Every structure is written in C-alpha cells, then in structure tokens.
Engineer: 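Supplied in structure tokens, the structure appears directly below.
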Amino acid sequence: VQLQASGGGLVQPGESLRLSCAASGSIFSIYAMRWYRQAPGKQRELVASINSGGNTNYVDSVKGRFTTSRDNAKNTMTMYLQVNSLKPEDTATYYCHMRLKKTSWSLFADYWGQGTQVTVSS
C-alpha cells in the first residue's frame, strides 16, 4: 500500500487549499485515516481524523477551518483535508496516515504519505 499526498502550496493568509491523499494497493479494511502536520522545530501534531464510521475529530486550533473527508470512488480510497482561512501558524508539512489491513487475515498496520508542504505567508 502506498499513500500519495498532494495539494500543498504557497498561499496568503485567509486563502484555502485542498489536500488529497490517495491510497493505492490492496486494502481490506481501514481503521482510521488521519492528517498530521509538522512545522520546523516542532513535533508532529495530529490535526484531523476520520474513522470508518465517518466520525471526524479536529485539534482545537483548526476547528471550524479544516474539514476532512474521504471518498471510495472507483475502488480507490482517497482522503481529503480542506483547509480554509489559513494562518501563518498553519505553515507545516502535512502528512496523511492510514491504519489499515491489507487482507482479512493480516494485522492492522500504519502507512504514511510522503508529506505535502503548506506555506502561508503574505
């Protein structure tokens, strides 16, 4: 299984981006889908998550501005992070993460995307 993240960029404060993370390979079951971010000199932070039931959670600093979702069209699982009203403090590398089983008999394992850079600057 490989996760391919995309959608980052350089934007001005107040602008929006839509981050995507497409999973390729054999997937039997997904336990959780999460977005993390890591700013220079800081620890990686859990930003948003969505579980198999579609329930979402967000860190307080992004509530009301970020929305995570998922789509399973054409047997390709893609997760999204819509980031609105961006602030300079949102500048970071954003990573997607999935905890999933590749087959019915395998254990859950963690998979990470390569990261996509979001820079918010005027």
Side-chain angles (χ1 to χ4, degrees):
V1 175
Q2 290 189 327
L3 305 186
Q4 181 68 40
S6 61
L10 172 62
V11 297
Q12 295 187 346
E15 293 187 337
S16 301
L17 287 170
R18 190 190 196 201
L19 309 184
S20 300
C21 178
S24 61
S26 175
I27 298 175
F28 174 77
S29 175
I30 297 177
Y31 174 76
M33 307 170 76
R34 303 177 178 126
W35 287 96
Y36 290 78
R37 67 183 179 186
Q38 188 166 20
K42 294 188 177 181
Q43 290 188 333
R44 190 168 294 190
E45 173 189 38
L46 175 61
V47 175
S49 63
I50 182 168
N51 64 16
S52 58
N55 298 307
T56 57
N57 280 289
Y58 303 91
V59 67
D60 285 346
S61 59
V62 308
K63 284 181 179 177
R65 300 189 297 122
F66 289 13
T67 303
T68 189
S69 61
R70 62 181 189 179
D71 180 48
N72 193 24
K74 299 180 180 179
N75 293 322
T76 299
M77 178 59 70
T78 304
M79 56 189 291
Y80 301 97
L81 185 67
Q82 179 69 39
V83 295
N84 298 329
S85 303
L86 282 163
K87 305 176 181 179
E89 52 263 42
D90 294 318
T91 295
T93 301
Y94 285 70
Y95 297 91
C96 56
H97 163 268
M98 294 186 189
R99 178 165 292 171
L100 57 87
K101 298 175 67 172
K102 296 176 67 175
T103 65
S104 60
W105 58 87
S106 59
L107 299 176
F108 280 105
D110 293 319
Y111 295 85
W112 293 88
Q114 82 283 11
T116 184
Q117 178 67 36
V118 173
T119 302
V120 185
S121 176
S122 55

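In this chain, numbering begins with 1 at the start of the sequence shown. Only a predicted model underlies this, so the values are computations on that prediction, with no experimental measurement involved. Computed from heavy atoms alone, side chains included, the values below leave out hydrogens, waters and symmetry copies.
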Engineer: Please name all residues satisfying salt bridge (charged side-chain N to carboxylate O under 4.0 Å, His left out) with Arg44, sequence neighbours left out, ordered by chain then number.
Structural biologist: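 Applying salt bridge (charged side-chain N to carboxylate O under 4.0 Å, His left out) to Arg44 gives none.
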Engineer: Using a strict 4.0 Å threshold on nitrogen-to-oxygen distance, state whether Asp60 and Lys63 make a salt bridge.
Structural biologist: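 Looking at Asp60 and Lys63, the cut-off is met.
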Engineer: Using the test side-chain contact (heavy atoms from CB on, under 4.5 Å), find all partners of Asn51 that sit at least two apart in sequence or belong to another chain.
Structural biologist: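 Scan of Asn51 (side-chain contact (heavy atoms from CB on, under 4.5 Å), adjacent residues dropped) gives Asn55.
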Engineer: Using a 4.5 Å cut-off on heavy atoms from C-beta on, say whether the side chain of Thr91 contacts that of Arg37.
Structural biologist: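 Counting from C-beta outward, Arg37 and Thr91 never come under 4.5 Å.
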Engineer: Could you tell me which residues satisfy side-chain contact (heavy atoms from CB on, under 4.5 Å) with Thr56, sequence neighbours excluded, listed by chain and number?
Structural biologist: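 Residues passing side-chain contact (heavy atoms from CB on, under 4.5 Å) with Thr56: Ile50, Tyr58, Thr68.
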Engineer: Using the rule that Ile, Leu, Val, Met, Phe, Trp and Tyr join whenever any side-chain heavy atoms are under 4.5 Å apart, tell me whether Trp35 and Val118 fall into a single cluster.
Structural biologist: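 Yes, Trp35 connects to Val118 through the hydrophobic network.
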Engineer: Quick one: do Phe66 and Val120 end up in the same hydrophobic cluster if we chain Ile, Leu, Val, Met, Phe, Trp and Tyr together by side-chain heavy atoms under 4.5 Å apart?
Structural biologist: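 Same cluster: Phe66 reaches Val120 through Ile, Leu, Val, Met, Phe, Trp or Tyr contacts under 4.5 Å.
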Engineer: Working to the nearest 0.5 angstrom, can you tell me the gap between Gln82 CD and Arg65 CZ?
Structural biologist: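 With rounding to 0.5 Å, CD (Gln82) is 12.0 Å from CZ (Arg65).
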Engineer: With a 4.5 Å heavy-atom cut-off, do Glu45 and Ser61 have their side chains touching?
Structural biologist: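 They are in contact (side-chain heavy atoms under 4.5 Å apart), so the answer is yes.
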Engineer: With sequence neighbours excluded, tell me which residues meet ring-ring contact (aromatic ring centres under 6.0 Å, His included) with Phe108.
Structural biologist: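 If we apply the ring-ring contact (aromatic ring centres under 6.0 Å, His included) test to Phe108, skipping adjacent residues, the hits are Tyr31.
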Engineer: What residues, two or more places apart in sequence or in another chain, satisfy salt bridge (charged side-chain N to carboxylate O under 4.0 Å, His left out) together with Asp110?
Structural biologist: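 Testing Asp110 for salt bridge (charged side-chain N to carboxylate O under 4.0 Å, His left out), a comparison that skips the adjacent residues, returns Arg99.
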Engineer: Return the set of residues passing side-chain hydrogen bond (donor to acceptor under 3.5 Å, both in side chains) with Thr67 (not counting sequence neighbours), or none when no residue passes.
Structural biologist: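 side-chain hydrogen bond (donor to acceptor under 3.5 Å, both in side chains) list for Thr67, sorted by chain: empty.
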Engineer: Show me the donor-acceptor pairs within less than 3.5 Å that the side chains of residues 5-25 make with the rest of the protein, sequence neighbours left out.
Structural biologist:
{"residue": "Glu15", "atom": "OE1", "partner": "Gln12", "partner atom": "N", "Å": "3.0"}
{"residue": "Ser16", "atom": "OG", "partner": "Asn84", "partner atom": "OD1", "Å": "2.9"}
{"residue": "Ser24", "atom": "OG", "partner": "Gln2", "partner atom": "O", "Å": "3.4"}

Engineer: Given the rule that I, L, V, M, F, W and Y join up when any side-chain heavy atoms are under 4.5 Å apart, are Leu86 and Leu81 in one cluster?
Structural biologist: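 Yes, because Leu86 and Leu81 connect within a single hydrophobic cluster, where side-chain heavy atoms sit under 4.5 Å apart.
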Engineer: Would a hydrophobic clustering, with Ile, Leu, Val, Met, Phe, Trp and Tyr connected at side-chain separations under 4.5 Å, put Ile27 with Tyr80?
Structural biologist: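 As far as the 4.5 Å side-chain criterion goes, Tyr80 and Ile27 are not connected within one cluster.
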Engineer: Excluding sequence neighbours, so at least two apart, what forms side-chain contact (heavy atoms from CB on, under 4.5 Å) with Lys102?
Structural biologist: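 Only Val1, Leu100, Ser106, Tyr111 meet the side-chain contact (heavy atoms from CB on, under 4.5 Å) criterion with Lys102.
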Engineer: Distance from Thr116 atom OG1 to Tyr94 atom OH, nearest 0.5 Å?
Structural biologist: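 Answer for the OG1-OH pair, Thr116 versus Tyr94, is 10.5 Å.
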Engineer: side-chain hydrogen bond (donor to acceptor under 3.5 Å, both in side chains) with Gln114: which residues, sequence neighbours excluded?
Structural biologist: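 Scan of Gln114 (side-chain hydrogen bond (donor to acceptor under 3.5 Å, both in side chains), adjacent residues dropped) gives none.
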Engineer: By the disulfide (SG to SG under 2.5 Å) test, which pairs, at least two apart or in different chains, include something from residues 34-65?
Structural biologist: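 Sorted pair list comes back empty.
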Engineer: Measure across Met79 and Arg34 and return the closest heavy-atom pair with its distance rounded to 0.1 Å.
Structural biologist: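 Residues Met79 and Arg34, closest heavy atoms: CE-O, 3.3 Å.
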Engineer: Heavy-atom count check: over 12 atoms from other residues, nucleotides or ligands less than 6.0 Å from Glu89 CD?
Structural biologist: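 Atom CD in Glu89 is packed in, count exceeds 12.
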Engineer: Apply salt bridge (charged side-chain N to carboxylate O under 4.0 Å, His left out) to Lys42 and list each qualifying residue two or more places apart in sequence or on a separate chain.
Structural biologist: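 None.
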Engineer: Hey, what else clusters with Leu46 if you join Ile, Leu, Val, Met, Phe, Trp, Tyr whenever side-chain heavy atoms sit under 4.5 Å?
Structural biologist: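 Traced through the cluster, Leu46 reaches Tyr36, Tyr95, Trp112.
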